[in-house]
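In what follows, a single structure is set out as structure tokens and then discussed.
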Amino acid sequence: MRDTGPAVEREVAGDLIRRGVRALPIFLAVGFVGWGVDGILSVAFAAGLILANFWVSAALLAWAARTSYSLLMGVTLFGFLVRLGAIVGAVMAVRHMDWVAAWPLGATLIVAHLGLLFWEARFVSASLAFPGLKPGSEE
């Protein structure tokens with residue numbers, strides 16, 4: 001069995017990324033005020049990781065749902081672990097570089113990740129009639 005309906009994962013992730021890009025200037029401003037150019041670069045790096053994580057997650061889930069439900073379950077569990085490891089690996093790879101400020105990098109990773117998820121949860125319908133976003137939530 002597999003899912004032949006519309007790819008709601010991509011719709012939700014696209015909306016989430018759009019909202020993240022809208023909120024990004026606030027995070028960049030906070031990074032600049034607190035840590036200067038290093039803060040901006042660290043926030044931008046963390047935001048890129050977060051938005052890429054959401055996009056890759058949606059792409060993998062959409063692909064797996066179209067292939068088989070068993071693969072979807074595996075991709076859901078192991079994809080999360082692999083993406084989490086990739087984020088940790090990316091942070092570990094740059095942590096000793098001159099432009100990295102640990103506080104804005106870590107705070108952006110945690111606050112923006114959770115904030116975007118909670119913000120997007122307000123706009124997800126998750127019903128059979130509208131499996132993706134609530135009607136009219138696309139501003």
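Quantities reported herein were computed from a predicted structural model and do not represent experimental measurements.
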Between V37 and F32, which heavy-atom pair has the shortest distance, and what is it? N-CD1, 4.2 Å
Report the C-alpha distance between F54 and V12 in whole Å, list the side-chain angles of each, state the deciding distance to 0.1 Å, and finish with yes or no for side chain to side chain contact (heavy atoms under 4.5 Å, CB included). CA-CA 9 Å; F54 287 133; V12 172; over 6 Å; no
Taking a hydrophobic cluster as the set of Ile, Leu, Val, Met, Phe, Trp and Tyr residues connected by side-chain heavy atoms closer than 4.5 Å, whether directly or through intermediates, do L60 and L84 fall within one such cluster? no
Do H113 and I87 come close enough that some side-chain heavy atom pair is under 4.5 Å? yes
Ignoring hydrogens and angles, tell me if any N or O in the side chain of R95 forms a donor-acceptor pair with the backbone of V91 under 3.5 Å. no
Hydrophobic clusters here meaning ILVMFWY residues chained together by side-chain heavy-atom distances under 4.5 Å, can you tell me if L109 and I40 are in one? no
Would a single hydrophobic cluster contain both V56 and W63, if residues Ile, Leu, Val, Met, Phe, Trp and Tyr are joined by side-chain heavy-atom contacts under 4.5 Å? yes
Could you list all the salt bridge (Lys or Arg N to Asp or Glu O under 4.0 Å) pairs where at least one residue sits in residues 37-64, not counting sequence neighbours? none
Rounded to the nearest 0.5 angstrom, the CH2-CD1 distance for W55 and I17 is 8.5 Å
For the atom pair CG (D15) and CD (E11), what is the distance rounded to the nearest 0.5 Å? 7.5 Å
To check you understand the geometry: which heavy-atom pair defines the closest contact between A13 and A58, and what is its length? CB-CB, 3.2 Å
Tell me, yes or no, whether the heavy-atom count around F80 atom CZ, taken from other residues, nucleotides or ligands under 6.0 Å, exceeds 12. no
Do W103 and V100 share a hydrophobic cluster (ILVMFWY, side-chain heavy atoms under 4.5 Å, transitive)? no
Value rounded to 0.5 Å, distance of CZ in R66 from CG in L71: 13.5 Å
Would you mind reporting whether F45 and T108 have side-chain heavy atoms less than 4.5 Å apart? no
Tell me the closest heavy-atom pair linking L72 and A65, and the distance in Å. CD1-N, 4.1 Å
Using the rule that Ile, Leu, Val, Met, Phe, Trp and Tyr join whenever any side-chain heavy atoms are under 4.5 Å apart, tell me whether L16 and V21 fall into a single cluster. yes
Closest approach of A90 to L49 (non-hydrogen atoms, all atoms of both residues): CB-CD2, 3.7 Å
I'd like to check T67 versus V75 (side-chain heavy atoms, cut-off strictly below 4.5 Å). Are they in contact? no
Taking every non-hydrogen atom, the tightest pair across L51 and G20: CD2-CA, 4.3 Å
Sorted by chain and residue number, the salt bridge (Lys or Arg N to Asp or Glu O under 4.0 Å) partners of E120 (sequence neighbours excluded) come out as R19
Inter-residue atom distance I50.CD1 - L116.CG, 0.5 Å rounding: 7.0 Å
Return the minimal non-hydrogen interatomic distance between L105 and S42, and the atom names on each side. CD1-O, 3.5 Å
For W119, does the CH2 atom have more than 12 heavy-atom neighbours from other residues, nucleotides or ligands under 6.0 Å away? yes
